[in-house]
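Just so we're on the same page: letters track the sequence lines, and every chain starts at 1.
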Amino acid sequence: MDFNLSEEQTMLQDSVSRFIQNSYGFEDRKKYVAEDQGFSAKNWAMFAELGWLGIPFAEEHGGFGGGALETMMVMEEFGKGLVVEPYLATVVLGGGFLSKGGTAAQQEQLIPSLIEGKLQLAFAYVEPQGRFNLADLTTTATANGDGFSISGHKGVVLNGPNADKLVVTTRTAGDQRDESGITVFLVDANADGVNRRNYATIDAGQGSEVTFSNVQVSADDIIGELNNGLPLIQSVVDDGLLAICSEAVGAMEVLYKTTVEYSKQRKQFDVPIGSFQALQHRMVDMFIEHEQSKSLMFLAAMRLAEGSNDAAKAISALKVQIGKAGRYVGQQAVQLHGGMGQTEELNVGHYFKRLTMISHTFGNADFHLNRFGEL
Amino acid sequence: MDFNLSEEQTMLQDSVSRFIQNSYGFEDRKKYVAEDQGFSAKNWAMFAELGWLGIPFAEEHGGFGGGALETMMVMEEFGKGLVVEPYLATVVLGGGFLSKGGTAAQQEQLIPSLIEGKLQLAFAYVEPQGRFNLADLTTTATANGDGFSISGHKGVVLNGPNADKLVVTTRTAGDQRDESGITVFLVDANADGVNRRNYATIDAGQGSEVTFSNVQVSADDIIGELNNGLPLIQSVVDDGLLAICSEAVGAMEVLYKTTVEYSKQRKQFDVPIGSFQALQHRMVDMFIEHEQSKSLMFLAAMRLAEGSNDAAKAISALKVQIGKAGRYVGQQAVQLHGGMGQTEELNVGHYFKRLTMISHTFGNADFHLNRFGEL
Amino acid sequence: MDLNFSAEDIAFRDEVRAFLKDNWTDQDRKDMGNGLSMAHDMPVRWHRRLAEQGWAAPNWPLELGGCPWTPTQKYIFDIECANANCPRLISFGLNLVAPVLYTFGNKEQQDKYLPDILSAKTWWCQGYSEPGAGSDLAGLSTRAELSEDGTHYVVNGQKTWTSTARYADMIFCLVRTDPTAKIKQQGISFLLIDMKTPGITVKPISTLDGQQHVNDTFFDNVKVPVENRIGEENMGWTYAKLLLTHERTGIAGVARSKNRLEELKVAASTEPTGTGQAPLIDEPSFRAKVSQIEIDLMALEITDLRTLAGVQKGGAPGPESSILKVRGTEIQQAIAELFMDCAGYYSQPFVQDTHWGDYEGEMIGADYSTSTALQYFSTRPATVYGGSSEVQRNIISKAVLGLSKLG
Amino acid sequence: MDLNFSAEDIAFRDEVRAFLKDNWTDQDRKDMGNGLSMAHDMPVRWHRRLAEQGWAAPNWPLELGGCPWTPTQKYIFDIECANANCPRLISFGLNLVAPVLYTFGNKEQQDKYLPDILSAKTWWCQGYSEPGAGSDLAGLSTRAELSEDGTHYVVNGQKTWTSTARYADMIFCLVRTDPTAKIKQQGISFLLIDMKTPGITVKPISTLDGQQHVNDTFFDNVKVPVENRIGEENMGWTYAKLLLTHERTGIAGVARSKNRLEELKVAASTEPTGTGQAPLIDEPSFRAKVSQIEIDLMALEITDLRTLAGVQKGGAPGPESSILKVRGTEIQQAIAELFMDCAGYYSQPFVQDTHWGDYEGEMIGADYSTSTALQYFSTRPATVYGGSSEVQRNIISKAVLGLSKLG
């Protein structure tokens, strides 16, 4: 039993942490968000240079050979800075599909350019009717000569506007909600028949509604197994859950600490509001929720890293906790900042929005409470 | 729209309220509980004399002709004193069956002696396998010559030890959980084949496990309709729900007020603990929960009194609120009284226990939240 | 005890309904968009129609344009308007400065300002809060110095959270006229200031919901005629305070929350769950949350009516009416949150155009889902503004439970 | 990072398991009854067996009878004992007075008392709380005056909540020796008092669970030899306080709560719901509550391990370990409450006989249900005793978050 990081891990964490402290102040972030892509191209190039884009990839592809623990560490630090660069979409999700399910050809062709920062990916899996069921698919890929023809509508595709390629979940056999008969395709985002309607999301991220009209792909574009894509999808989504939950842990740390600091400075009725016991106890509960979240983050990351059968259960436990804690910490931080908490001028509201976004991504707390009970 | 009581109602409320104040102090109550029956025979006789035992009965039977509002008022006051006399079992439940479903003969024979305080009743409806489903019955009444033969096991029969007669729900036709095929019988508590195992309940009340082994009853002992007893049962149980919830409202009022008073007296760290804001806000929430409960009590009583179709929904809403509020107010009252709250020496714990008892009676908050959603 | 309305009240209700049917059309409702009552110019449009009918200011004294309604009738009017999804009127003129004017203002002031408030000709905003004075309103520091000749005040300082300041003709302010007063509630005066006076600058504040309804308002040597002071100098706190516990009608927002909850049920009954089975509304944990809010709201409605009954017997609502603010806003927030839950992923896109009723393009997700996040973010301030939940609990603690401040 | 135990630790765990298998039999488990670990003489029986093995006091210094275990091994030992449903040892001697003795006591005191504590020959109780000094322990007023000849103290006053006082041979007390001290934490001394000394009266207190584990203990001119004082006069608070943040192992009660939760799942999987369908454990709202507690407990377990890892690196656990007390007790209470929910109507009978493991008669309701109410009532004090949840939150607020007291 050991909560210590390896030397290599510590170095990585330090380097991400330094970056956030030096380059991700509130004003910096505003500039990044205002750039054309909705994030800083310069930052992305630096991530590439520092090797962060290669963290989860095998060393043979030029990667760092990291796993769940490294993803956890990076995302927790990113959460502290509310990093808007699409690390989740491109590296954790898109990259996850390539490294876990990609063919040798796909890996050789794409991973190096991803690591170099030249490839943007997005994961197109949400369907309007499917809610959080990854297997509820009306997007179809129909065999068509040597290849397949994809038609359907994918919603809220994060990083959709910037993606060069889309990882698309489709139904190739069976009924709408069957667990089998699902296939994952890699689709060129600019292919004929792909249409994107782009928009901002509540957390200043980038999303798209993507429609596919008879988009032609070849059998070589399949990631993972034909008709048996669900286990791969679930595995990548579990990695994604760890990533966003780690981000939430970082965000909550900033929120509770910021609130405590604010409460020491802000005076009302001639005393700092942090001297009021009712507020003190709420800040203590924010602190406790953060600590408990961090504990489950460690547990889930270690379970994933060791490939345990309990990993999925730990992941769902973590998501439930993040749902509950993120809501409490976010709402209280806004409330305790009073009028100022309601404005875009303080960072508090932005953390709150990011936590709100995370709470619905990959299934909300109710969904994962139910999944936890069934696992 | 009018929240005023009639003159007659005001007089009744004043008289019950005076009785509680004068005769139901903490030490008085201890003595009543210690009596053989677990309550004061003298009080019961006085209730008879004051006409309280006749409140829900028609004037032609010597009753007061009261309805839901009167029951509400009496029980709210009883709740303030934690009255242990079996008003619920004998008057509200047993009496409710007689007045709503009794034959003319049953009414003439029994109501006058009930009103005179000479008849004790108990409602035997719980079965170990049935949880809160009033229709889940394994106790059977089998036709047997002119009459019926009852066999089965009824659990947690309140006032069972003192009852002269039992109101028993039985299955006379259909399957175990059918809504039809249910018949209610009036059974002599000392009849052959009736066996009672008596015990105290957590709130210092009296209960029994009652077994029936081929107990012979006649068709004249049926209350309500043969094979169609469920609507009557549900109607009396709804009255019972209003009664225990009103009691809880009275109990919560005492608890929050007692806690506020205690917090003004009790000093720790050289100041009254009632000056700590974290405790103040919790006491405010106790107050709010009581007020909200009282509002739903009024609503449910008025809906019942006017015979509205919405009455059952209002009753379930009230029970949900009482479940939530009773738990919060009870637990906080105990907590804020510190060590003293944990003892039998203060009245606080006894109110807490009564609220705990009420929370499970006739279905807990989850059960009624579900019923509310379905109605 | 009886929850039913009297025959008179039912006749009144029918009259209101008939009026609403003719004057608040389906097109108006559509223009309101997804429950976004602050959208565009809808409140102004509605205020003018009510003013024509003589119903814009039911609470005012009869002779000034009020309505001869009982508290129950006022309540019925509120409910019917909410049921018809009418916008809330902007209250700064009608309900906030007007009572101060007709209670403490002189005849000249009343004649000058009240008619134009009633007819929606002039618009007012409120200058109470300051950066350093939020929950602790009396801690304000905007300074007003009387000129040597006694003809005007010179005002310097900053007000914040001034809603609609950019559209307002006038602002009513609490300002400090005696900085040496021993108790901070003393030494405050109540001034009416023309927003066009030189030296006033308004700077919008962006809030979480992406809107810019509130502003910072700066005063730089702003000259205010002394006749624009209400009542006596240094007595402004008393005037403002006395009105704070009045006019609580509708503070619980029960009728509006009920409407929203019904809309939520409709939305959730069309929302699939990915199981191929029942829609979201029939999913046990979601349904339980909806039922719980519905029950809380039933309770609050009766608590509201009990307060009303107290007022009807005479007198202003007591401090226990803080319950209405505390629970009313909690319920609004809970409904907004459930709407987010209902929309799931489609709560995440944030496209301002699609929020408004006049948007004609294709929606993202279901019609209702587009504004769920905006609504969620814009209900957050409800527990901060107008006396935060913490302050309301302090009020109940002190004034109802008799608990003293910290020791 | 790695949650797995080392090979050494696994070997240790197996050793503990083997010992438990031989020394804590199925009959012992049965005698414990429905999780009622305080029942009858079980803790004493268990203490003696552990003492024979040399495992009664793992935390003591080695030379006095402690175990050469790492913090992880101590943790493993606790878990295994909890999993085997062993009773908690009575801690007043072993874990509360002993550390004071071996840290601050003199050689004579150590030799006189420690061996008999270890072997379970003498029993101790704790005299800290008083009627006027609960959360504010330093507010105590039991008075000890030194006799003129300096040979003994005369003690007068009252201690309360003294658990097991009726069976105890000795009591350790905080008493006021200098009532004129300016700060109330000063002027307090630490005395060891023989319970057979004339002038001591013990009066049991009935608690909500119907038990009489705690007592009022009265001192009426009780003579205590001066050599029974620990350390210096007026320094008692320092001695007591220093130990309070130590010995937090097991404070979270994770292993026991996990066991209870598993028992709850078993109970709920036998409990019908009246629908004729799945048992209670599969009813969505009940299952959701169980899952939520399970998740809270998983989190607490890791928080516990993180604290342990901190201790392993050296040093006592910091004030953030108050989390363990706060959440641990909340979880215990939540489980007890769900047991009541599970039992439904059969949580209502309260028949003391049926609660204990040696009851041979017919049960009322299911076997588990009989003690659900007792358990529920007896978990209520968990958030009051041993530093209430409010005090724990004050500690975190001050010592971790750096928030000052009320202003």
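Using a distance-only test at 3.5 Å, with no hydrogens or angles considered, a donor-acceptor pair links the side chain of B:Q268 to the main chain of D:S135. Although no hydrogens or angles enter the test, the distance criterion places no donor-acceptor pair under 3.5 Å between the side chain of D:R380 and the main chain of B:G341. Formation of a donor-acceptor pair under 3.5 Å by the D:Y345 side chain with backbone atoms of B:F362 is found in this model.
Considering only residues two or more places apart in sequence or on other chains, B:E209 meets the side chain to side chain donor-acceptor pair (under 3.5 Å) condition with B:H153, B:Y199, D:Y346. Shown here are the side chain to side chain donor-acceptor pair (under 3.5 Å) partners of B:R171, two or more places apart in sequence or in another chain: there are none.
For D:A133, the part lying under 4.5 angstrom from a heavy atom of chain B is the backbone only. In this structure, no portion of B:A278 lies under 4.5 Å from any heavy atom of chain D. Using a 4.5 Å cut-off between heavy atoms, D:E271 contacts chain B through its side chain alone, with no backbone atom that close. The part of B:F352 that comes within reach of chain D is its side chain, from C-beta onward, which places non-hydrogen atoms under 4.5 angstrom from that chain. In this structure, chain D has no heavy atom under 4.5 Å from any part of B:S359. For a residue to count as touching a neighbouring chain, one of its non-hydrogen atoms must lie under 4.5 Å from one of that chain's; by this rule B:D270 touches chain D with backbone and side chain alike.
By a heavy-atom distance cut of under 4.5 Å, B:Q129, B:G130, B:R131, B:F132, B:N133, B:D136 are the residues of residues 129-137 of chain B near chain D, going up by number.
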Under the side-chain hydrogen bond (donor to acceptor under 3.5 Å, both in side chains) criterion, do B:Q331 and D:Q333 qualify, and how do the steps go?
CA-CA 11 Å; B:Q331 291 182 352; D:Q333 291 180 340; over 6 Å; no
CA sep, side-chain torsions, deciding dist, call: B:R177, D:T275, side-chain contact (heavy atoms from CB on, under 4.5 Å):
CA-CA 8 Å; B:R177 281 174 287 272; D:T275 61; 5.6 Å; no
Show your reasoning for whether side-chain contact (heavy atoms from CB on, under 4.5 Å) applies to B:H360 and D:D341.
CA-CA 8 Å; B:H360 293 95; D:D341 260 358; 3.5 Å; yes
So B:F276 and D:E390, side-chain contact (heavy atoms from CB on, under 4.5 Å) or not? Walk me through it.
CA-CA 10 Å; B:F276 292 114; D:E390 289 81 7; over 6 Å; no
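Interface remark: of the candidates D:E337, D:R393, D:K184, D:E283, D:E337 forms the most heavy-atom pairs closer than 4.5 Å to chain B. Between chain D and the residues B:Q176, B:R327, B:K267, the most heavy-atom pairs under 4.5 angstrom are made by B:R327. Looking only at heavy-atom pairs under 4.5 Å with chain B, the residue among D:A343, D:G365, D:P131, D:A138 that has the most is D:P131. The candidate from D:G139, D:S129, D:S388, D:G134 with the greatest count of non-hydrogen atom pairs under 4.5 Å with chain B is D:G134. Chosen from B:A204, B:A200, B:A365, B:G349, the residue pairing most often with chain D at heavy-atom distances under 4.5 Å is B:A200. The greatest number of non-hydrogen atom pairs below 4.5 Å with chain B, out of D:G276, D:A373, D:S285, is found for D:G276.
The minimum heavy-atom distance linking B:P128 with D:P272 is given by the pair O-CG, 4.4 Å. Of all non-hydrogen atoms in B:E345 and D:I205, the two that sit nearest each other are OE2-CG2, 3.5 Å.
The 12-atom threshold is not exceeded at CD of B:E179, counting heavy atoms of other residues, nucleotides or ligands nearer than 6.0 Å. In D:K265, the NZ atom is crowded: over 12 heavy atoms of neighbouring residues, nucleotides or ligands sit closer than 6.0 Å.
Under the 4.5 Å side-chain criterion, counting only non-hydrogen atoms from C-beta, D:W161 is not in contact with B:Q342. A 4.5 Å side-chain heavy-atom check between B:I202 and D:Y376 finds every atom pair outside the cut-off.
Listed by first and then second residue, the salt bridge (Lys or Arg N to Asp or Glu O under 4.0 Å) pairs that reach into residues 355-375 of chain B are B:D238-B:R371, B:D366-D:K289, sequence neighbours excluded.
No donor-acceptor contact under 3.5 angstrom links the side chains of B:E344 and D:Q212, judged on distance only. Looking only at atom types and distance, the side chain of B:Q335 has a donor-acceptor partner in the side chain of D:T383 under 3.5 Å away.
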